[in-house]
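In what follows, chains carry the letters A, B, and so on, assigned in the order in which the sequence lines appear, proteins first and then strands, with residues in each chain numbered from 1.
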2 protein chains.
Amino acid sequence: MHPDPVSEASRLTRIDDPADERLAAYRDIRERDLVGREGRFVAEGKVVLNVLFGSSAFEAESVLILESRLDGTTDIIERVPPHVPIYVAGKSVLDAVAGYHVHRGVLAIGRRGEPPDLDRFLGGLSARAVLPILIGISNHDNVGAVFRNAAAFEAEGVLLDETSCDPLYRKSIRVSVGAALKVPFVRSGDAGSILTALARHGFECLALSPRGRIASTALDCRGRTAILLGSEGHGLPETVLETLRSVRIDMSAGFDSLNVAAASAIMLHQLWRRR
Amino acid sequence: MHPDPVSEASRLTRIDDPADERLAAYRDIRERDLVGREGRFVAEGKVVLNVLFGSSAFEAESVLILESRLDGTTDIIERVPPHVPIYVAGKSVLDAVAGYHVHRGVLAIGRRGEPPDLDRFLGGLSARAVLPILIGISNHDNVGAVFRNAAAFEAEGVLLDETSCDPLYRKSIRVSVGAALKVPFVRSGDAGSILTALARHGFECLALSPRGRIASTALDCRGRTAILLGSEGHGLPETVLETLRSVRIDMSAGFDSLNVAAASAIMLHQLWRRR
């Protein structure tokens, strides 16, 4: 007979009742994704949890592991701070609580900090900081993908207007492979108020647009640089395009359509390798 | 009283019975997505349908429009070839047939042609052709996104091994914004047989890998060029990496993780602008 891994390891608490109050934060994850969770977020999968436990900006409240995945998560369990409870549940309990099939088998509830003040945040960046600025990007995959590119190419942060979606939505964090927990961000205001703050802090602001006046390959900006990215449907507001230098990524005249995440990858890679 | 748009326009056939046999190809779209559809595919949304009706490689069998979207689809209706029936249904009928909420409101069934022969396909490409080669890419979003980048940066085709997923899966076509119907592709064999065929046709084959020996920015290939892209989990097979020149995209040492679609955007953009 195998020894019971749960009772052997005192760090782990087995829960067999889907109604157990200790799992309240994991309840109906999918339905509650879009309505906010009172200062909390859901992190999913080993890669994301590893970023969470390496983060100084976010703390975990608890971890929930599918019993059959215990063997494969010993490295995660070792990284969980001592005061954070680790719950273990069987598949039927986990799926019943979460309200969907949790195929990654490991979840954590994280706690958001206070939203940072935009001016204080911008003031603390380096003289060569690069920031993608998302205006009206409401697709969680795209926001997650931009954060992943921002981390890969060392953007010092991401700004989002208030109509862009929350980077700490479960799916955004997952698509970002944890970068949404690593790259600092501020989400507030509209394009106008963000541009005003960026100007106050000496940023050159560039608007990425298919009809931009400067080719991305001709760019040579070495100081603080912000790249504004708009949604696929609407692009950036005309009032923004009129006031800023606009940049284009040259592409085929026959299919001039690039996803915002792909565009951010090309732009951030280019700015990164010039530094 | 408004005139009835359906009875007025003789091109349109209204269907009120979800069991109507003329809608058989639209039945249970989501469940049948993954099991193939006997030489057919499902195209979804106006952008994709516009590419379909501009394609010489694919033909539409029928079109199905949500009645409430008729006003917004007159431009689509005008492009439907005269022999292709256009069905119109109310929301409840459409959702009952398709088995999910068709929020784009316009669908078409397309017919696949015969799969092209790899040698004939490669032989017909230009002396400066660029091809992304997908090995083990089983995520439909990633395949769709690579096709979109391939179209934007004028790759002459895409090759996929047989473990990569079907570019004509509904979601791949949608994510590609129709590029999967525009950029020719061949999906067959394994990495070994694909590399042999590419060599026969004078392609320089490069393997993209985080540990690649050459930086992407140092590349200077002006002849026929193929870029092999592997899956995030497994990367390219060791046997492939050993035999090919390997290329890396330089990025942060602290977060060296780029999605395959983002990597393809950076590589294809770079190869495109050198030509």
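- Residues forming a salt bridge (charged side-chain N to carboxylate O under 4.0 Å, His left out) with Arg222(B) (at least two apart in sequence, or on another chain): Asp220(B).
- Taking chain A as the reference chain and counting heavy-atom pairs below 4.5 Å, the highest number among Thr217(B), Val47(B), Val175(B) is found for Thr217(B).
- For Arg273(B), the part sitting under 4.5 Å from any heavy atom of chain A is the side chain, from C-beta outward, and nothing else.
- At a heavy-atom cut-off of under 4.5 Å, chain B is reached by Ser252(A), Ala253(A), Gly254(A), Phe255(A), Ser257(A), Leu258(A), Asn259(A), Ala262(A), Ala265(A) from residues 252-265 of chain A, listed in order of number.
- Proximity to chain B involves both the backbone and the side chain of Ala179(A), based on heavy atoms less than 4.5 angstrom apart.
- Few gaps surround NE2 on His101(B); more than 12 heavy atoms of other groups in view lie less than 6.0 Å from it.
- In this structure, His269(A) and Asp250(B) approach most closely via the heavy-atom pair CD2-O, 3.9 Å.
- The neighbour count for Glu59(A) CD, taken as heavy atoms of other residues, nucleotides or ligands under 6.0 Å away, does not exceed 12.
- Residues passing the ring pair (Phe, Tyr, Trp, His ring centres under 6.0 Å) test with Phe203(A): none are found, sequence neighbours excluded.
- Contact between Met251(A) and Phe153(B) at its shortest, heavy atoms only, is CB-CE2, 3.7 Å.
- There is no contact between Leu268(B) and chain A, counting heavy-atom distances below 4.5 Å.
- Considering only residues two or more places apart in sequence or on other chains, His103(B) meets the side chain to side chain donor-acceptor pair (under 3.5 Å) condition with none of them.
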